[in-house]
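Keep in mind that what you see is a predicted model, and the values were worked out from it rather than measured.
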Amino acid sequence: MSYQEPELVITVKDNVRILRLNRPKRKNAINANLYLGIIKALEAAAADLNTVLVVVTGTADYFTSGNDLGAISQTLGGGPSTVVSEESANISGEHTMKAAIGSSTDRFNKFVSAFIDFPKPLIAVVNGPAVGIGVTILGLFDVVYATDRATFHTPFVELGQAPEGCSTYIFPRIMGPGKAAEMILFGKKINAAEACKLGLVTEVFPDACLDQVWPRIYQWAKLPPNTLINAKGMLRSIKKDLLHKVNDMECKNLEERVQSDEFFTAMMTFFSKKSKL
């Protein structure tokens with residue numbers, strides 16, 4: 001049996017915990033195992049006294065291409081997939097689909113909640129293109145650094161899905177309703193400079209110089225940890241309950257959308273295009 005690297009690589013050094021998405025052959029697409037792995041990693045980081053802040057980044061060319069649509073399509077089609085739970089595996093037909101969707105939505109809700117509730121500073125180092133949840137979740141980070149070759153794309157409507165990651169609340173407030181609509185409703189892809197101008201990204205670095213972020217991150221990890229937690233708590237306390245309500249609403253809509261005819265049609269179109277490449 002050949003050795004496979006973990007899909008989530010976690011390293012801790014000098015009070016900095018790095019979560020590195022590690023599915024480069026799938027452009028770091030997030031499957032069920034990776035969702036659960038990130039949730040557990042954030043829980044462990046919150047409890048670890050030696051972790052002052054957390055950084056999320058990706059392996060190779062992509063930050064993340066978002067949801068693993070291949071796994072989702074297998075689930076909805078009744079085929080084998082890591083998205084299907086053991087409980088739903090014994091149910092047939094329509095019940096299988098609904099059980100799988102419910103399980104996936106619940107897991108997704110917990111994933112977004114883990115970012116909302118995380119008490120320590122969260123930093124994203126966007127090392128390449130970001131799609132879907134890889135874009136929307138950035139609004140829940142405290143600082144977002146990006147390479148100048150990064151792009152940000154949220155093709156929810158095109159794929160028959162619903163926006164998530166609290167983007168329906170956060171995006172209009174950081175970039176204005178019109179710009180948010182261009183991204184969320186019409187799937188406009190923006191580059192790193194545009195994302196920085198809109199407030200989604202904190203600072204952009206030339207790709208060859210992205211490593212310049214690490215010295216400042218390690219310097220920040222020397223700050224008084226409890227004071228950092230207290231300051232972040234003050235920044236987020238008023239909006240935390242609201243963000244959870246938004247997350248619940250988005251997940252409910254997502255669950256409805258992925259049971260719609262439009263979603264199935266969009267998935268068929270998507271995979272038909274991929275098969276012709």
side-chain contact (heavy atoms from CB on, under 4.5 Å), that's the test. Do Thr168 and Glu250 meet it? Break it down for me.
CA-CA 8 Å; Thr168 57; Glu250 290 178 344; 2.6 Å; yes
Phe108 and Leu21: same hydrophobic cluster, using ILVMFWY side-chain contacts below 4.5 Å?
yes
Are any of the side-chain nitrogens in Arg17 or Asp48 under 4.0 Å away from the carboxylate oxygens of its partner?
yes
In terms of hydrophobic clusters joined by side-chain contacts under 4.5 Å, are Val135 and Ile133 together?
yes
Flag the pair Pro163 / Thr136 as yes when at least one side-chain heavy-atom distance between them is below 4.5 Å, and no otherwise.
no
Counting only N and O atoms by type, is there a donor-acceptor contact under 3.5 Å from the side chain of Thr105 to the main-chain atoms of Cys251?
no
Is there a path of hydrophobic side-chain contacts, each under 4.5 Å between heavy atoms of I/L/V/M/F/W/Y residues, joining Ile18 to Leu228?
yes
With side chains defined as the heavy atoms from C-beta onward, is the minimum distance between Lys239 and Tyr169 less than 4.5 Å?
yes
Looking only at atom types and distance, does a side-chain atom of Lys232 sit under 3.5 Å from a main-chain N or O of Lys120, one as donor and one as acceptor?
yes
In terms of side-chain geometry, is the basic nitrogen of Lys245 or Asp241 positioned less than 4.0 Å from the acidic oxygen of its partner?
no
Keeping the roles fixed (side chain from His153, backbone from Gly187), state whether a donor-acceptor pair exists under 3.5 Å.
yes
Around atom CD1 of Ile238, are there more than 12 heavy atoms of other residues, nucleotides or ligands at under 6.0 Å?
no
For residues Ile184 and Ser167, determine if any side-chain heavy atom of one lies less than 4.5 Å from a side-chain heavy atom of the other.
yes
Qualifying residues under side-chain hydrogen bond (donor to acceptor under 3.5 Å, both in side chains), relative to Arg216, sequence neighbours excluded
Tyr145, Glu203
How close do Val54 and Ala45 get, heavy atom to heavy atom, and via which atoms?
CG2-CB, 3.6 Å
As a quick check of understanding, evaluate side-chain contact (heavy atoms from CB on, under 4.5 Å) for Ile123 and Asp142, giving each step before the final call.
CA-CA 6 Å; Ile123 300 172; Asp142 300 295; 5.8 Å; no
Could you tell me whether Lys179 sits above the aromatic face of Phe171, with NZ or CZ closer than 6.0 angstrom to the six-membered ring centre and within 45 degrees of the axis?
no
Check whether any side-chain N or O of Asn28 sits under 3.5 Å from a backbone N or O of Thr59 as a donor-acceptor pair, and report yes or no.
yes
Quick check for you: to the nearest 0.5 Å, what is the distance between Phe111 atom CZ and Ser104 atom OG?
13.5 Å
Please report the interatomic distance CG(Asp106) to CD(Glu255), rounded to the nearest 0.5 Å.
9.5 Å
Using modelled atom types and a 3.5 Å cut-off, is there a donor and acceptor pairing between side-chain atoms of Gln161 and backbone atoms of Val157?
no
Can you give me the closest heavy-atom contact between His244 and Ile116, atom names plus distance?
NE2-CG2, 3.6 Å
Taking the side chain as C-beta and beyond, is there a heavy-atom pair between Ile38 and Phe115 under 4.5 Å?
yes
Side chains of Val125 and Ile217: closer than 4.5 Å at any heavy-atom pair?
yes
Evaluate the side-chain hydrogen bond (donor to acceptor under 3.5 Å, both in side chains) criterion for residues Asn191 and Thr151: first the C-alpha distance (whole Å), next the side-chain angles of each, then the deciding distance (0.1 Å), finally the verdict.
CA-CA 4 Å; Asn191 60 32; Thr151 55; over 6 Å; no
Between the main-chain N or O of Ala60 and the side-chain N or O of Asn127, is there a donor-acceptor pair closer than 3.5 Å?
yes
Going through the distances and angles, do Arg23 and Asp68 end up as a salt bridge (charged side-chain N to carboxylate O under 4.0 Å, His left out)?
CA-CA 11 Å; Arg23 302 185 73 212; Asp68 190 335; 3.0 Å; yes
Quick check for you: to the nearest 0.5 Å, what is the distance between Thr154 atom OG1 and Glu158 atom CD?
10.5 Å
Once you round to the nearest 0.5 Å, how far does CZ of Arg107 lie from CG of Asn33?
8.5 Å
Atom of Val16, atom of Ala221 and distance for their closest heavy-atom approach
CG2-CB, 3.5 Å
Short question: side chain of Ser260, backbone of Phe263 - any donor-acceptor pair under 3.5 Å?
yes
Gap separating the CD atom of Glu43 from the CZ atom of Phe118, nearest 0.5 angstrom
10.5 Å
Minimal heavy-atom distance between Ala150 and Gly128, with the atoms involved, is CB-O, 3.5 Å
Taking it one step at a time, do Val126 and Val144 satisfy side-chain contact (heavy atoms from CB on, under 4.5 Å)?
CA-CA 7 Å; Val126 183; Val144 178; 3.9 Å; yes
Per side-chain contact (heavy atoms from CB on, under 4.5 Å), Leu243 is matched among Asp248, Val112, Asp117, Ile170 by Ile170
Beyond-backbone contact of Glu7 with Leu34, side-chain heavy atoms, under 4.5 angstrom:
yes
Do the side chain of Asp148 and the main chain of Asp207 share a donor and acceptor less than 3.5 angstrom apart?
yes
Correct closest heavy-atom pair for Lys189 and Glu194 would be O-OE1, 4.5 Å
Ile39, Leu138: one ILVMFWY side-chain cluster at the under-4.5 Å cut-off?
yes
Using a 3.5 Å distance criterion without hydrogens, assess whether the side chain of Asn247 forms a donor-acceptor pair with backbone atoms of Cys166.
no
At what distance, to the nearest 0.5 angstrom, does CG of Asp14 lie from CH2 of Trp214?
12.0 Å
Show the numbers, then the answer: is there a side-chain contact (heavy atoms from CB on, under 4.5 Å) between Thr64 and Val131?
CA-CA 6 Å; Thr64 174; Val131 181; over 6 Å; no
Restricting to non-hydrogen atoms, name the atom on Leu19 and the atom on Ala41 that form the minimum distance, rounded to 0.1 Å.
CD2-CB, 3.8 Å
Quick one: does any side-chain atom of Thr51 pair with a main-chain N or O of Leu53 as donor and acceptor, under 3.5 Å?
no
So do Phe141 and Thr202 actually touch side chain to side chain, heavy atoms under 4.5 Å?
no
Report whether Val9 and Phe63 are members of the same hydrophobic cluster (ILVMFWY, side-chain heavy atoms less than 4.5 Å apart, transitive linking).
no
Are Phe270 and Leu69 close enough that some pair of their side-chain heavy atoms sits under 4.5 Å apart?
yes
Does a sphere of radius 6.0 Å around CE in Met249 hold more than 12 heavy atoms from other residues, nucleotides or ligands, not counting ones at 6.0 Å or beyond?
yes
